[in-house]
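These notes concern the structure reproduced below.
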Number of protein chains: 2
Amino acid sequence: MEETLAEAFWAVTRRLRLHTRNALQPWNVSPSQSRALGVLSRHGEMRLSAVAEHLHIAPRSATEVIDDLQRRNLVERRPDPSDRRATLVALTADGVTTARAIDEARAAEAERLFAALDPADRTELARILRRLRDPN
Amino acid sequence: MEETLAEAFWAVTRRLRLHTRNALQPWNVSPSQSRALGVLSRHGEMRLSAVAEHLHIAPRSATEVIDDLQRRNLVERRPDPSDRRATLVALTADGVTTARAIDEARAAEAERLFAALDPADRTELARILRRLRDPN
DNA sequence: GGATAAAGCTGAGGTTACCTCAACATGAGG
DNA sequence: CCTCATGTTGAGGTAACCTCAGCTTTATCC
């Protein structure tokens, strides 16, 4: 019974991943890059180590993702004025519009998946997921 | 609203992945190896290419996973008597018991996650996931 | 007011789980 | 039988992570 629940979960996750990949294709931005863009878009300028925390990855790995985005002029680094060891990362103008566009595309793709549910089911699903996501 | 649904989904998926990783630890079997064991356990002996299909990976990649499992004496290869190009893959005795034990551990870990739901919610979730997993 | 420890980032180099492409053996159809 | 397709694998590549050591800068503690 639970095995079935977990399996069903993985199956849907897989579909969601494919939809997301689809949504990202036009910008050829990798999933991990898009996650970083999302974090910076939602929370604004922050330290590199903070990006790492948000993405649940090691600081060294965040350096790489940010390198890639910087190479594409989607983010920029500047020294943290309050601590000369740290560097702050923020979206560029290009980064802001790209992040927004990607967000919309992703939402549209997700909508295509969740369109199978009527409003009541969506509410139910949201409630159940909320219960599962926190260890209460 | 859908964005929130997708995000909640990813959050729960992440928890489920951590639980699964936890469950696999005692056997130090990688997730992809455990998936292969699961396929062979559920469907029995099959061609390498069939394993690849079940796992949604390229045949070449299945070769690698099976190599690893063979090195650990969990599976064995034998030539397909009906087609000498093909090789059949099956669990060894060790593989059978390991696959069973892993399956149980994973179910137990999943149970720990889904324990947050009462029976009615589980049924609801199962129904909704079923609706989402097929493109009907 | 140094000496010492800790924090923040990155270069170097590794790992995992995938991939493609080409080679090779075998099977199938005209 | 000759050509074409199929099944597996060697060689080599990539993405997204990782650890560890080194450098600079900040904080702490006699």
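Convention: sequence-line order gives letters A, B, ...; per-chain numbering from 1. Bear in mind the structure is a predicted one, so any value in this text is a computation, not a measurement.
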Side chain proximity check, B/R133 to A/R14, heavy atoms < 4.5 angstrom: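 In short, these two side chains do not touch, never coming nearer than 4.5 Å.
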
Can you check whether B/L48 reaches B/L88 side chain to side chain, under 4.5 Å on heavy atoms?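 No. Closest side-chain heavy atoms not under 4.5 Å.
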
Readout for nucleotides 5-16 of chain D: B = base within 4.0 Å of protein heavy atom, S = sugar-phosphate only, - = neither; 5' to 3' it is BBSSBBB----S

Given 3.5 Å as the limit, does a donor-acceptor pair link the side chain of [X] with the main chain of [Y], or not?
X      : Y      : result
B/R131 : A/A116 : no
A/T92  : A/N73  : yes
B/S41  : B/A99  : no
A/T98  : A/D94  : yes

By nearest heavy atom, map A/V65 and A/R84 onto DNA chain D; which one lands nearer the 5' end?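 Comparing both residues, the 5'-ward one is A/V65.
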
By nearest heavy atom, map A/A62 and A/P81 onto DNA chain D; which one lands nearer the 5' end?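 Of the two residues, A/A62 wins.
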
Take A/D68 and A/R71 through the test salt bridge (charged side-chain N to carboxylate O under 4.0 Å, His left out) and record every step on the way to the result. CA-CA 5 Å; A/D68 292 344; A/R71 222 169 283 127; 3.0 Å; yes

Measure from [atom1] on [X] to [atom2] on [N] and round the result to the nearest Å.
X     : N      : atom1 : atom2 : result
B/E53 : C/dC18 : CD    : P     : 16 Å
B/N28 : C/dT16 : CG    : P     : 11 Å
A/L55 : D/dC18 : CG    : P     : 10 Å

Quantify the bending of the helix from C/dG1-D/dC30 to C/dG30-D/dC1 as the angle between its end axes, each fitted on five pairs, to 10°.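 The helix from C/dG1-D/dC30 to C/dG30-D/dC1 shows an end-to-end axis angle of 10°.
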
Take the angle between the ring planes of B/H54 and B/H43 and call it parallel below 30°, perpendicular above 60°, tilted in between.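 If you compare the ring of B/H54 with that of B/H43, the planes turn out parallel.
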
